[in-house]
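Values below: every heavy atom of this structure, side chains too, minus hydrogens, waters and symmetry copies.
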Amino acid sequence: GTGLVTPHQIYEAGWSGQCMQQARMFILEYKRSGEKRFLDDGLSCFDAWVKTQQECGLFPTNYARFLSGNYVPNDVCNYSWGVIEMSRTYTLLKSLGIDRPQYIDFARRVLDFLASQYNDEDGFGLLYTIFGEKVKGGGSIGGFAIMAGLKQLIEDIKELHFDKSDIEY
């Protein structure tokens, strides 16, 4: 190839595809409108992503590649956006009285993997296979992993019902 892809091939978790964010917007539309089809579409998307997660905690950030089995290394940025959107969606659903613990488990497992890879010389790295093999280091995009980790920490603190006064700085 030409390096070009057709629109049906772009089902990326974050970054250029924003598939997970779009699915969360469907759920927000359900919250606003009450139209259940939006909830169903959003949930089916997130449920499908959860099923792609590998034992190591990573997942194919491009869903079409999961369907085809034509995996390529994925960047820390997309893994991190997946964490953020799974966490946000879990919180949104809880506010609607819907419990999807597999979403928060998904987010935590990705973060556990990324945290296990961190080192002072390479940060979080740059590219990994969905099976957890580092393909390329030197990535400056580790900031997305930090953002995802902080978002998850905030959600975990809320879930544990900590009061701000209980946290020492």
Side-chain angles (χ1 to χ4, degrees), residues 11-24 27 42-67 69-96 98-164 166-169:
Y11 300 108
E12 221 161 16
W15 207 242
S16 64
Q18 295 298 330
C19 181
M20 288 184 177
Q21 184 178 43
Q22 182 179 350
R24 183 169 55 85
I27 297 169
L43 291 176
S44 69
C45 183
F46 279 102
D47 290 345
W49 280 105
V50 166
K51 291 176 185 173
T52 70
Q53 194 169 39
Q54 303 298 303
E55 189 174 322
C56 68
L58 297 182
F59 64 100
T61 62
N62 182 302
Y63 195 79
R65 294 198 180 277
F66 169 72
L67 295 175
N70 183 21
Y71 301 121
V72 296
N74 298 283
D75 59 81
V76 171
C77 172
N78 266 297
Y79 287 131
S80 301
W81 275 111
V83 169
I84 291 167
E85 289 303 330
M86 281 286 182
S87 179
R88 286 179 174 162
T89 300
Y90 173 78
T91 302
L92 172 59
L93 290 171
K94 281 194 75 155
S95 77
L96 298 171
I98 301 168
D99 191 25
R100 282 290 211 277
Q102 63 270 35
Y103 294 3
I104 204 71
D105 291 342
F106 180 101
R108 288 176 179 146
R109 289 180 61 211
V110 174
L111 279 177
D112 285 347
F113 175 86
L114 293 175
S116 75
Q117 300 301 304
Y118 181 84
N119 68 64
D120 289 338
E121 288 77 40
D122 194 32
F124 294 96
L126 180 60
L127 294 172
Y128 291 89
T129 70
I130 65 167
F131 307 110
E133 299 157 1
K134 184 188 252 180
V135 174
K136 186 174 181 184
S140 63
I141 59 175
F144 286 101
I146 293 167
M147 182 175 64
L150 288 173
K151 174 67 178 147
Q152 189 57 53
L153 177 63
I154 291 166
E155 294 307 319
D156 287 347
I157 288 171
K158 287 179 186 175
E159 181 131 336
L160 294 171
H161 307 291
F162 280 115
D163 186 292
K164 285 191 285 189
D166 293 335
I167 302 170
E168 292 184 31
Y169 295 93

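Looking at Phe106, Phe66, Phe131 one by one, the single match for ring-ring contact (aromatic ring centres under 6.0 Å, His included) with Phe59 turns out to be Phe106.
Formation of a donor-acceptor pair under 3.5 Å by the Gln54 side chain with backbone atoms of Thr52 is found in this model. Between the Arg65 side chain and the Asn70 main chain, a donor and an acceptor come within less than 3.5 Å of each other. Between the side chain of Thr91 and the backbone N or O of Ser87 there is at least one donor-acceptor pair closer than 3.5 Å.
Taking all atoms of both residues into account, the shortest heavy-atom contact from Asn62 to Asn74 is N-OD1, 4.3 Å. Smallest separation of non-hydrogen atoms from Leu114 and Phe124: O-CD2, 3.4 Å. The two atoms that bring Trp49 and Cys19 nearest to each other are NE1-SG, 3.6 Å, heavy atoms only.
For the atom pair CG (Leu111) and CZ (Arg108), the distance works out to 9.5 Å, reported to the nearest 0.5 Å. Remark: Gln102 CD to Gln53 CD distance equals 11.0 Å, nearest 0.5 Å. Here Cys56 contributes atom SG and Arg109 contributes atom CZ; the two are 8.0 Å apart, rounded to the nearest 0.5 Å. Of the inter-residue distances, the one linking Arg88 atom CZ with Gln21 atom CD reads 7.0 Å to the nearest 0.5 angstrom.
Using a 30° and 60° split on the angle between ring planes, Tyr128 and Phe113 fall in the perpendicular class, above 60°. Taking the six-membered ring where the residue is Trp, Phe46 and Tyr103 present tilted rings, their angle falling between 30° and 60°.
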> Can Asp122 and Asn119 be said to form a side-chain hydrogen bond (donor to acceptor under 3.5 Å, both in side chains), step by step?
Replying inline: CA-CA 6 Å; Asp122 194 32; Asn119 68 64; 4.9 Å; no
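Within 6.0 Å of NZ in Lys51 there are 12 or fewer heavy atoms belonging to other residues, nucleotides or ligands.
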